[in-house]
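Structure incoming, see below.
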2 protein chains.
Amino acid sequence: MSPKDSPAPTTPVTTRVTIRTVAQDSGVSVAAVSKVLRNAYGVSDALRARVTTSIERLGYRPNVAARGLRGQSFTLGILLTELTNPFLAQVVDGVAEVVDPSGYKAMMAVGRTDVSLEIRLIESMVDARMDGVLLIAPLLGSKVIERFARQIPTVVIGHHEPTATLFDTVNGDDRRGGRLAVEAFVQHGHRDIAMLSLTQPLGEGRNVSDLREEGYLAAMRDAGLSDRARILRVIPPNQDSGIGGIAAILAAPDRPRALFCWSDLHGVQVRNLAHRMGIAVPDELAILGYDNTSVAALPLVDLSSIDQDGRGQGIAAARALLGRIEGRRDPTHLLLPPHLVARGSA
Amino acid sequence: MSPKDSPAPTTPVTTRVTIRTVAQDSGVSVAAVSKVLRNAYGVSDALRARVTTSIERLGYRPNVAARGLRGQSFTLGILLTELTNPFLAQVVDGVAEVVDPSGYKAMMAVGRTDVSLEIRLIESMVDARMDGVLLIAPLLGSKVIERFARQIPTVVIGHHEPTATLFDTVNGDDRRGGRLAVEAFVQHGHRDIAMLSLTQPLGEGRNVSDLREEGYLAAMRDAGLSDRARILRVIPPNQDSGIGGIAAILAAPDRPRALFCWSDLHGVQVRNLAHRMGIAVPDELAILGYDNTSVAALPLVDLSSIDQDGRGQGIAAARALLGRIEGRRDPTHLLLPPHLVARGSA
DNA sequence: CCGGGGATGTGTATCGTTCTACGTATATCG
DNA sequence: CGATATACGTAGAACGATACACATCCCCGG
């Protein structure tokens, strides 16, 4: 049963086809083949043609490990926090669209909302000599990100850090998103507009929710509603739904007439509870979510939402990463405009 | 701007710490360190201790590329078809649970329901010298899977192939699932029970839907309802929702009283349409989905569903893969029992 | 006819591990 | 006590690419 008894006489140990095989087959040096592979400078069309036909004939495929030892691995690492958030799917889709035809390969890992796991995963991406990493809404603090950015080209989504110089960021314009929400409500004649937010800001740099709150407050001020602005901080930052806090708000005598929710996940919760508690939506309570996920779009749910163009963010981030890998050093910090998708809940 | 002008006098090019550095620091040979790393045979406790402290002090991390060149890469490749299907999230979660503490790393890639992309991704996993691959509900045919299985330890989920010898499979017991659905309906007094299925079976080996249909038919027979069995094949295999076909069924005069749906995604569609068309659920139409996704659990949706234990499948598959990597050659084909989760729609 | 320089190839050291083969103590046994 | 295992280490050749330094070749102006 040992893997190495009887050298399989029928299968002549079909000696693996390496760069050397190709070189021999096409009658050129190993170095020349390598050049063709990397389409480096200094190869004639004739030689390139000869080599490529050899490659095809032999079915040669470069060994990534050997490659990574000296050169690039042509692999990008994508760090996700969790798979269940449908917003991520949009982002990843956008990323794939760019990465796919680029010759690079994207490999994803899931941090499972655990900071130490996130760190280990990024470390293993560095170990694997990946050419760059894309962090999507990581829990990590800026300090740690910076440390990694020193070692490997890095782009971050969902993490505002407009002054960072070592890595790029791509974000939805969350301040604008907060404004949009209020403006939409005001336009429908609402005045009693509250915002449902997180119990605590998400650590240094992860100020996505802060900015939405800022936008909300600014727009309330502009509408002359400063004194009626209310930010209800009841959503715990972990996986927990915080459903108790939401229920309390809906049951309270001063329940708001319009509620802007931190994310679709919670917008849906609110709608659920309203349904159960017999609160008419949108007549007694107007609801607005964030992310425009597929769940919000279900007719049964029918939740209005702010779309922050996850797919666009993915595309932009992937482009930024490839740019950085190809040598760009000066940071770029992109902000994509969100827009409102009106449905029945508001 | 070239990456290599001015060798950064402040940063003394902090020479990377390799296995050689560790060897020097601990005063042993490179080979000895390697042995410790792989905890191979022939190391005394004293030596091991000396080396490990050196490793910690220096913060040494083995280079995966160099490792993969001769030995293992300790990385597993996970192929997903698409991120949007929430069932996948369950599976991946299960996989992570096993892989995480095992010393291996999981890297995922998304096939985007494109066969040729799937193939390219698996190839690149082979190129990366990953130690094994786990294919989750791939579109690939058995022939192709077999070809890969010859090169790399392979486990497949969502692809019944009980006689395959080169790779392992893990599946929900889809036949049983089909039975369960019918039995649940019958128990509630239903007799007019139809099944909503795919327009075409999903290629050789991908007989998940076939088996559910078989289970459905068998249970109908057992209940003495053979003549009333109807399989409505209206769902196209691609991303398309097939909503037109579903609408036609609901509008038809012979609309069934109970509908067993191929997946939650379509169960939700049905419930949506029923809602829009003013069909009372479950009184006029009882609905049952498959997969027990989080969407089905939303009170607004409230869809009964067959749970096929995605998380359990992930766990089992990951274990099988690790087993195969560690040398097991004889195939295992696992079938996990599904169970009914009753909600308001049935 | 010479020499300079760009374009095209080649030779080979190198990357950081693993792994085979072998040496040297130390323990075991008749 | 000598022979023989056995445990522990070491040396150095792979592994399969990249990339640096150099060798040619060819063309052309002076």
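Residue numbering restarts at 1 for every chain, and letters A, B, ... go by the order of the sequence lines.
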| query | How is A/Val64 classified with respect to the nucleic acid when contacts are heavy atoms under 4.0 Å: base, sugar-phosphate, or nothing? | reply | nothing
| task | Please give the angle, rounded to 10 degrees, between the axes at the start and the end of the helix from C/dC1-D/dG30 to C/dG30-D/dC1, where five pairs define each axis. | result |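 About 40°, once rounded to a multiple of 10°.
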| With side chains defined as the heavy atoms from C-beta onward, is the minimum distance between B/Arg120 and B/Ser124 less than 4.5 Å? |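 Not in contact.
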| query | Rounded to the nearest Å, what distance is computed from the CD1 atom of residue A/Ile19 to the P atom of nucleotide C/dT12? | reply |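 Checked: the CD1 to P distance equals 16 Å.
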| query | Which whole-number value in Å describes the distance from A/Arg67 CZ to D/dT18 P? | reply | 5 Å
| message | Are the side chains of B/Met107 and B/Ile78 in contact, using a 4.5 Å heavy-atom criterion? | response |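 Not in contact.
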| With under 30° as parallel and over 60° as perpendicular, where do the rings of B/Tyr104 and B/Phe74 fit, or are they tilted in between? |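 Aromatic pair B/Tyr104/B/Phe74 classed tilted.
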| request: Decide, yes or no, whether a salt bridge links B/Glu123 with A/Arg61 under the criterion of side-chain N to carboxylate O below 4.0 Å. | output: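 The answer is yes: the pair qualifies as a salt bridge.
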| request: Round to a whole Å and report the spacing from CG of B/Asn63 to P of D/dC15. | output: 19 Å
| Donor-acceptor pair (no angle test) under 3.5 Å: B/Arg70 side chain, C/dT18 base |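 Counting by modelled atom types and ignoring angles, a donor-acceptor contact under 3.5 Å is found here.
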| A/Asp131 CG to D/dA17 P: how many Å, rounded? | 17 Å
| Of the listed nucleotides D/dG16, D/dA11, C/dG16, the one nearest the side chain of B/Thr18 |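 The listed nucleotide nearest to B/Thr18's side chain is C/dG16.
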| field | Sorted by number, the residues of residues 34-51 of chain A with heavy-atom contact under 4.0 Å to DNA chain D | value |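 A/Ser34, A/Arg38, in order of number.
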| said: Looking at A/Glu118 and A/Arg112, is any side-chain nitrogen of the basic one under 4.0 Å from a carboxylate oxygen of the acidic one? | reply: no
| task | Look at B/Lys105 together with A/Asp127 and state whether they make a salt bridge at an N to O cut-off of under 4.0 Å. | result | no
| From D/dT10, C/dG16, D/dA17, nucleotide with atom closest to A/Pro62 side chain |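 Of D/dT10, C/dG16, D/dA17, D/dA17 is nearest to the side chain of A/Pro62.
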| query | Between A/Gly27 and B/Val30, which is nearer to the 5' end of DNA chain C once each is assigned its nearest nucleotide? | reply |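 In this pair, the answer is A/Gly27.
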| task | Report the nucleotide, chosen from D/dC15, C/dT10, D/dT10, that has the shortest atom-to-atom distance to any side-chain atom of B/Leu69. | result |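 The nucleotide sitting nearest to the side chain is D/dC15.
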| Is there a side-chain contact between B/Val28 and B/Val51, using heavy atoms and a 4.5 Å cut-off? | yes
| Would you say the side chains of B/Glu161 and B/Ser142 form a donor-acceptor pair under 3.5 Å? | yes
| D/dG16 phosphate, OP1 or OP2, under 4.0 Å from A/Arg20 side-chain N/O | no
| So, A/Arg50 and A/Ser54: side-chain donor and acceptor under 3.5 Å apart, yes or no? | no
| For atom CD of B/Gln72 and atom P of C/dC19, their distance in whole Å |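 Spelled out: CD on B/Gln72 to P on C/dC19 is 8 Å.
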| said: What is the separation between atom CZ on B/Arg61 and atom P on C/dT17, rounded to the nearest whole Å? | reply: 11 Å
